[in-house]
Amino acid sequence: MKMPDGARSIIDTLKNHGYEAFIVGGCVRDMLLERTPEDWDITTSAKPSEVKKLFRRTVDTGIEHGTVTVLVGSEGYEVTTYRMDGVYEDHRHPKEVVFTPSLEEDLKRRDFTINAMAYSDEAGFVDLFGGRSDLEKGCIRCVGDPNERFDEDALRMLRGIRFAGQLGFELDLATFDAIKRLSGTIVNVSAERIRTELSKLLISDGADRLVLTYETGLSGYFLKEFDMMNSTPQNNPHHCYNVGEHSIRVVELVNKEINKMNKNGEYVDKKTHTALAYAAILHDVAKPVCKTTDEAGIDHFHGHDVRGELLAGQILRRLKFDNDTVSLVKCLVRFHDARYKDVKIAGMRRLVGKVGRERMPLLFILQKADVLAQSEYKREEKLDALKSGMEMYDRICAASDAVTVADLAIGGRELIDELGFEPGPGIGAELKRLLELVMDDPSLNTRERLLDLSGSEK
C-alpha cells in the first residue's frame, strides 16, 4: 500500500509513542481498487488529547467524536480515536461515543465491509469482516446485521446505493432487503445529506443504480416523482422505455459525454455536471401528470416541458439546492424539447436569447442524450436536426449576433438623451421591440439605425 508521506509520518509518530495507528475506511478500499483516494483517514488507540500533545499543528474538527485533524504541510489528515457508538435515538446520530482500546470494536461499528478495513506497513491489512472478498465479488454488504446498521443510521441506506453506483457493485440480498424494510426511516435524514448522496450517485458511472431507490422504496420519501416516472409507460413510436428508465439512460449518456469532454480538455466543473445530471433525470418529470392517450392507444405528453420546469424547481428546492443550480436545471428542462427542424436562424437567435448563450452547449448535450435514449424511430432525422441547430448557434456566436437587449448597440440612456423618451417601462418595451427587429436582421444593430428606427416610430 502506497500512502502519502504525511499519513505515514503521523502513523509512525503515534506508534513510536506506544499507540496503535492505521489508515482506515475508504482510502484502504480505494487503494485495493487501484483508485486514487480523496481522503486519508487514520484511526488510533490514542485519545484526542494525546494526539494533540504529539503534533504541533492540529484542528479540533470533531473532537467530541474523537476526531482531530493533524496538519502536515498544506495537507490535513483526520485522526480519530478507536470508538464504540452508543444508542442511536434518531436513526441518525449516536447518543454518546465511547472510546475503546480495540481496533476490532472500532471496525465493527462501520457501515459496509468494504469500508471496514485498516492497514499499516507493520501490521498489513486488517480485514475482520470479509471486505477484500466483497471487493472481489463487487458486493455491497453491511458489517454484521444490516437491520441494525440501518436502524442506527438511516443515511447508510442511500450511501450503500451510492457506493454501488460509484463502484459498479451490486447490493447484497440481505442488505437490499433491510433497506426495503427500513426505507421509511430515511425521513430522519436532512435534505442536505440526501442531496449530497443523490448527487454523487447521479454523476457516477453507475447512475443506473438510482433505480435501486425505487425498488427499495427509498425514493418514495424524498423523490416521489421518480416513482411515478418508473410506473409510467410510453406507448409511443418515439420511445422504447418507460419514463423512469428513459431518464436514467439520459443521465448515463450525459455523464459519458461530460467524461469524454473532460478527457479532451473541455473541462466541465462538478457543479455544472451535477446540474446537467439533474436536468437529465428531471427533464421528463412532468410526463406522468401530462400523459394522455389517443383513440389509437398512442400516449402523448403535451406541455410536459412547461410543467416540468415548475416541478423541477420544486424538487430542487426541496433538496435545498442553491439558486444558480435551480435556475439552470429549470431552464434546461423547459427547453429540452426545442425542435430545430425547419427552424430559421432568426428563430434560433430567439431561442438562444431565452436559454442564454452560455447555456446552449449544455442544452445540446441534454438533447443529444435525450434522442439517443429514445427508440430508433426517426433517430437520424432528429440528430440531423440537432446538428443543424448547433451549426446555427455557432454562426450566431461567430457573428456576435444580438440575442438579448444587452447586445443592442444602444440602451435606455440613448433613448432618453437623444430621442426624449420618458424614463419608465416604456424604455424596456422599446428596446425589446428593437431587439425583435435586430434578431430578424442583424445588420440593423448599429447606433444610427436603431436611433433612426426608434425615432421614426416615436
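One-based numbering along the sequence shown.
Heavy-atom neighbours of Tyr241 OH from other residues, nucleotides or ligands within 6.0 Å: at or below the threshold of 12. Crowding of Asp441 atom CG: a count of heavy atoms from other residues, nucleotides or ligands under 6.0 Å exceeding 12. The 12-atom threshold is not exceeded at CG of Asn323, counting heavy atoms of other residues, nucleotides or ligands nearer than 6.0 Å. Residue Glu358 places its CD atom among more than 12 non-hydrogen atoms of other residues, nucleotides or ligands, all under 6.0 Å distant. At most 12 heavy atoms of other shown residues, nucleotides or ligands fall within 6.0 angstrom of atom CZ in Arg56. Crowding of Lys368 atom NZ: a count of heavy atoms from other residues, nucleotides or ligands under 6.0 Å not exceeding 12. Within 6.0 Å of CD in Glu64 there are more than 12 heavy atoms belonging to other residues, nucleotides or ligands.
Distance CZ/Phe335 to CG/Leu362: 14.0 Å, rounded to 0.5 Å. Atom OG in Ser454 sits 8.0 Å away from atom CG in Leu431 (nearest 0.5 Å). Atom-to-atom distance recorded for Met392:CE and Met360:CE is 9.0 Å, nearest 0.5 angstrom. Here the CZ atom belonging to Arg307 is positioned 15.0 Å from the NE2 atom belonging to His302, to the nearest 0.5 angstrom. The distance from the CG atom of Leu282 to the CD atom of Glu309 is 12.5 Å, given to the nearest 0.5 Å. Considering NZ of Lys260 and CD1 of Ile365, their distance stands at 11.0 Å, rounded to 0.5 Å.
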May I have the step-by-step check of salt bridge (Lys or Arg N to Asp or Glu O under 4.0 Å) for Arg334 and Asp305, ending in yes or no?
CA-CA 5 Å; Arg334 170 64 182 85; Asp305 48 356; 3.7 Å; yes
Using the rule given for side-chain contact (heavy atoms from CB on, under 4.5 Å), can you reason through Ile161 versus Leu171, listing the C-alpha separation, both sets of side-chain angles and the distance that settles it, and then say yes or no?
CA-CA 7 Å; Ile161 293 173; Leu171 292 180; 4.1 Å; yes
Between Thr196 and Arg162, does the side chain to side chain donor-acceptor pair (under 3.5 Å) criterion hold? Intermediate values first, please.
CA-CA 10 Å; Thr196 297; Arg162 187 257 293 180; over 6 Å; no
Check the pair Asn188 / Thr185 against side chain to side chain donor-acceptor pair (under 3.5 Å), numbers first and verdict last.
CA-CA 6 Å; Asn188 295 281; Thr185 60; 5.2 Å; no
Assess whether salt bridge (Lys or Arg N to Asp or Glu O under 4.0 Å) is satisfied between Glu436 and Arg433, documenting all intermediate values.
CA-CA 5 Å; Glu436 287 297 314; Arg433 185 186 73 83; over 6 Å; no
Assess whether salt bridge (Lys or Arg N to Asp or Glu O under 4.0 Å) is satisfied between Arg350 and Asp440, documenting all intermediate values.
CA-CA 9 Å; Arg350 288 180 170 84; Asp440 285 329; 3.2 Å; yes
Take Lys287 and Asp299 through the salt bridge (Lys or Arg N to Asp or Glu O under 4.0 Å) test and state the conclusion after the steps.
CA-CA 10 Å; Lys287 277 190 171 182; Asp299 294 333; over 6 Å; no
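Under a 3.5 Å cut-off, the side chain of Arg209 and the backbone N or O of Phe169 do form a donor-acceptor pair. Side chain of Asp370 to backbone of Val250: no donor-acceptor contact under 3.5 angstrom is found. The closest donor-acceptor contact from the side chain of Arg195 to the backbone of Lys320 lies under 3.5 Å. At least one donor-acceptor pair closer than 3.5 Å links the side chain of Asn262 to the backbone N or O of Val268. When atom types are taken as modelled, the side chain of Ser375 and the backbone of Cys240 share no donor-acceptor pair closer than 3.5 angstrom. Judged by distance alone, the side chain of Asn445 and the main-chain N or O of Ala409 form a donor-acceptor pair under 3.5 Å. The backbone N or O of Met228 sits less than 3.5 Å from a side-chain atom of Thr232, completing a donor-acceptor pair. Remark: side-chain polar atoms of Asp106 are paired, donor with acceptor, to backbone N or O of Arg83 under 3.5 angstrom.
The side-chain heavy atoms of Glu215 and Phe176, taken from C-beta on, include a pair separated by under 4.5 Å. Considering only heavy atoms from C-beta on, Val343 stays 4.5 Å or farther from Leu351 through its side chain. Side-chain contact between Tyr278 and Leu328 is absent, with no heavy-atom pair separated by less than 4.5 Å. Residues Leu450 and Glu414 are not in side-chain contact: their nearest non-hydrogen atoms beyond the backbone lie 4.5 Å or more apart. By the 4.5 Å heavy-atom criterion applied to side chains, Leu383 and Leu372 are counted as neighbours. Using a 4.5 Å cut-off on side-chain heavy atoms (C-beta onward), Leu212 and Ile179 make no contact. Residues Gln374 and Lys382 meet the side-chain proximity criterion, which asks for heavy atoms closer than 4.5 Å. By the 4.5 Å heavy-atom criterion applied to side chains, Thr213 and Leu223 are not counted as neighbours.
Comment: Glu152 engages Arg149 in a salt bridge, judged by a side-chain N to carboxylate O separation of less than 4.0 angstrom.
Side-chain contact annotation: Thr80 with Thr43, donor-acceptor N/O pair under 3.5 Å absent. Residues Arg156 and Thr175 bring no donor and acceptor atom of their side chains to less than 3.5 Å of each other.
Each of Asp134, Asp172, Asp177, Asp111 was checked for a salt bridge (charged side-chain N to carboxylate O under 4.0 Å, His left out) with Arg141, and the lone residue meeting it is Asp134. Checked options Asp394, Asp407, Asp401; the residue passing with Arg357 is Asp407 (criterion: salt bridge (charged side-chain N to carboxylate O under 4.0 Å, His left out)).
Taking the six-membered ring for Trp, His238 and His246 have ring centres at least 6.0 Å apart.
Of all non-hydrogen atoms in Ile42 and Ala7, the two that sit nearest each other are CD1-O, 3.9 Å.
In this structure, Arg159 forms no cation-pi arrangement with Phe112, as its terminal cationic atom is not both closer than 6.0 Å to the ring centre and no more than 45° off the ring axis.
Ring planes of His304 and Phe301: perpendicular class, angle over 60° (limits at 30 and 60°).
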